[in-house]
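Numbers for residues simply follow the sequence, beginning at 1. What you see below is based on every heavy atom in this structure, not just the backbone, and it leaves out hydrogens, waters and symmetry mates.
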Amino acid sequence: SLLVPVEIAVVKGSGVQVIPDLVDFHTLVSPQQTRSLWLTLQNLNSQPIELLSLYNPKQDRNLQITGFDHKVGVAPGGVARFARVTYRGGVEGLREGKLQLIINDTDAVSAT
């Protein structure tokens with residue numbers, strides 16, 4: 001028999017959910033090594049939303065955001081893959097921070 005692990009998230013209510021909620025680039029052991037992940041957003045609101053901007057408040061030079069198109073619309077219940085984040089190896093160790101996503105939804109001004 002074959003066992004396949006499955007992760008199921010049950011979400012109730014309204015708002016905006018960014019997937020993954022925690023971006024983990026694992027261990028990068030050299031300055032030449034990079035890892036990339038795509039960010040996805042689900043609009044749980046009853047109204048469409050618009051993604052206005054995405055940025056790194058700490059201006060980490062090792063973190064690059066690509067693939068983000070300004071003013072992307074997401075319909076109610078819709079899902080959109082909206083940006084790719086890449087981290088370039090630097091000094092080995094744990095790095096953490098937040099990305100700031102600005103949307104036009106008055107109930108969820110930003111998602112981090």
Let me confirm one number: the [atom1]-[atom2] distance from [X] to [Y], rounded to the nearest 0.5 Å.
{"X": "Q42", "Y": "I49", "atom1": "CD", "atom2": "CD1", "answer": "10.0 Å"}
{"X": "D60", "Y": "L99", "atom1": "CG", "atom2": "CG", "answer": "10.0 Å"}
{"X": "F68", "Y": "S53", "atom1": "CZ", "atom2": "OG", "answer": "6.0 Å"}
{"X": "K58", "Y": "L63", "atom1": "NZ", "atom2": "CG", "answer": "11.5 Å"}

Side-chain heavy-atom pair [X], [Y] within 4.5 angstrom cut-off:
{"X": "F82", "Y": "L54", "value": "yes"}
{"X": "P20", "Y": "T40", "value": "no"}
{"X": "V85", "Y": "N56", "value": "no"}

Identify the two heavy atoms, one from [X] and one from [Y], that lie closest to each other, and give their separation to 0.1 Å.
{"X": "Q47", "Y": "N43", "result": "O-ND2, 3.0 Å"}
{"X": "L101", "Y": "V18", "result": "CD2-CG2, 4.1 Å"}
{"X": "L52", "Y": "N104", "result": "CD1-N, 4.0 Å"}

*With no hydrogens and no angle check, is any side-chain donor or acceptor of N45 less than 3.5 Å from a backbone partner on G15?*
yes
*For Y55, enumerate each residue passing the ring-ring contact (aromatic ring centres under 6.0 Å, His included) test, keeping only those at least two apart in sequence or located in another chain.*
none
Is [Y] reachable from [X] through a run of hydrophobic residues whose side-chain heavy atoms are each under 4.5 Å from the next?
{"X": "I103", "Y": "W38", "value": "no"}
{"X": "I19", "Y": "L51", "value": "no"}
{"X": "V16", "Y": "V79", "value": "no"}

*asked:* Applying side-chain contact (heavy atoms from CB on, under 4.5 Å), can you list everything that pairs with R35, at least two apart in sequence or on another chain?
replied: F25, H26, L28, Q33
*Among all residues two or more places apart in sequence or in another chain, which pass the side-chain contact (heavy atoms from CB on, under 4.5 Å) test with T66?*
Q64, R84
